[in-house]
Amino acid sequence: MRVQRPKGTSDILPGESGKWERVEHQARKFFALAGYQEIRTPTFENYEIFSRSSGQTSDVVEKEMYDFNDKGGRHIALRPEGTAGVVRAYVEDKLYGPQIVKPFNVFYIEPTFRYERPQAGRLREFHQIGVESFGSDNPLADVETIVLGHDLLAALGVKNYELHINSLGNQQVRQAYHDALVDYFTPLKGQLSEDSQRRLGLNPLRILDSKAEEDQQFLPNAPKIVDYLDDESKANFKAITDQLDHLGIKYVLDNDLVRGLDYYTGVIFEFMVADQDLWASPTTILGGGRYDHLVEEFTGPHTPAVGFGIGEERLLLVLQKQNPDLFAPAGIDVFITNIGEGTTLKTVELARSLRGQGFSCMYDVDQKKLKGQFRKADRLQAKYVLTVGAKDLAKGQLTIKRLADGQQIQFDLEQAADLQAVLEQFK
RNA sequence: GCGGAAUUGGUGAAGGGGUUAACACACCGGUUUGUGGAUCCGGCAUACGUGGGUUCGAUUCCCACAUUCCGCCCCA
């Protein structure tokens, strides 16, 4: 048997898992403060949920879906993004009902899957932290979502990121813009990159995203979406950017920002980090936007919505560099060593008592020699070592030592019921 | 999907077609048995990603595959 995890997956080991817990704990706290509640949807859905929402010509559907047929012949896909499943649940579970306060705000933290070549900050199984807000078409809902993303990154300690935003307007706008792009690029077709020639027929919007050298020269003069926005879309976008201005949130208007999923309709945005040590080119750690028709597409009532997703692996890469303090190893409060006849069970009793008092506490189940126990305490970065010695115990006493400076004090056994009071003697 | 590099023990690694795979760190044990983080002593890869091939003989050469890393595409 080959003992090897599937390509593009990773084991999050103890030590590493603590970092994840801190990030997720902070995120949960943050969402709770904003009144967002958690939603958990299945890891897999019927294939159509994703193919219809993301768009048949999107890369996600065309080549990155992790799909298979189950034993019942159902075409299943592991979720490649978070929004579709939440929208499905919103419709199926009738969360649009009048008894539910609008907007309906949720967050999720979940594994996500894309069948791709792994590289820095890109795995086949990765994790997304996301939010969705259903039911409001007010620009303030867009602003609230962007502010949430901005403030969450700030709370976690991400320092250098750039917020790119753009607007895609409604379906008529998109159609008109689509046609304009085809008109512009078709005469140039022969000079475009192979990929872009293909995109021209399928999804010309994608050409704007191209980084191919052949294409670059044509991009500056390509039609801009802003010129095709109708008055309402324009007013909407302006309202959003004005409010961001007032709130002091910096952003870059990025006409070429497209996003990989077809369901976006209004404002779209990405928080990008440019760090040569991490990635050769600027990389998106958070992306999102407005999708006003997806609920309808899933046979629900017309429901405007907006949300974003954060790539947790990428977030961690950035945080480890920009806010390493967040991940300072914790160590345990107390390690109990014991020596001599009749001290073992006393040790267990003390450990249970200390844990009950809220101290993290361990002892040596291997019952090695005292020196070995101290070595263990040191390796576990214990703050204090409490020693249960047979001789001391006979006098009703215990010894506690602070490892940082070697200071050691003795105290009566009964005082162990309130260790905090004992520890205060060190100060 | 395309291009490039890598793959030796718990880790970082040196090495080289043929009887002991260097060195370091970590770890384990000891330094006469009630105290850590120092020193000293000892131990620690029948093994060099997998499968083929070349050869008297390969971990060392060749091929394929796998995985990892980097870049492109795209995105989280």
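Naming: A, B, ... by sequence-line order, numbering from 1 per chain.
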Side-chain N or O of A:Ser281 versus OP1/OP2 of B:C72: is the shortest distance under 4.0 Å? yes
Could you check, using the six-membered ring where one of them is a Trp, whether A:Tyr36 and A:Phe107 have ring centers closer than 6.0 angstrom? no
Can you check the A:Ile268 CD1 to B:C74 C1' distance for me, whole Å? 15 Å
Would you give a per-nucleotide map of nucleotides 1-8 of chain B, 5' to 3', where B means the base has a protein non-hydrogen atom under 4.0 Å away, S means only the sugar-phosphate does, and - means neither? BBB-----
Pair A:Leu152-A:Phe31, side chain to side chain contact (heavy atoms under 4.5 Å, CB included): steps then yes or no: CA-CA 9 Å; A:Leu152 175 55; A:Phe31 291 138; 3.8 Å; yes
Are more than 12 heavy atoms, taken from residues, nucleotides or ligands other than A:Glu424, located less than 6.0 Å from that residue's CD atom? yes
Just checking A:Arg355: does its CZ atom have more than 12 heavy atoms from other residues, nucleotides or ligands closer to it than 6.0 angstrom? yes
P spacing across the pair B:U60 / B:G51, given as an integer number of angstrom: 12 Å
Within a 6.0 Å radius of atom CD on A:Gln420, are there more than 12 heavy atoms belonging to other residues, nucleotides or ligands? yes
For nucleotides B:G49 and B:U11, find the distance between their P atoms and express it as a whole number of Å. 13 Å
Protein proximity profile, nucleotides 26-40 of chain B - base contact B, sugar-phosphate-only contact S, no contact -, cut-off 4.0 Å on heavy atoms: -SSSSB-SBBBB---
Using the ring of each side chain (for Trp, its six-membered ring), is A:Phe113 parallel, tilted or perpendicular to A:Tyr66, with breaks at 30° and 60°? perpendicular
Hey, are A:Asp412 and A:Gln397 close enough side-chain-wise for a donor-acceptor pair under 3.5 Å? yes
Rounded to whole angstrom, note down the P distance from B:U67 over to B:A22. 32 Å
Distance-only donor-acceptor check, side chains A:Thr399 and A:Gln408, under 3.5 Å: no
Taking only the side-chain heavy atoms of A:Ala120 (C-beta and beyond), determine which of B:G71, B:A76, B:A66 contains the nearest atom. B:G71
B:A45 and B:C70, which share atom name C1', separated by this distance in whole Å: 30 Å
Can the ring centres of A:Tyr384 and A:Phe426 be said to be less than 6.0 Å apart? yes
Would you measure the distance from the P atom in B:C63 across to the matching atom in B:U39 and give it in whole Å? 47 Å
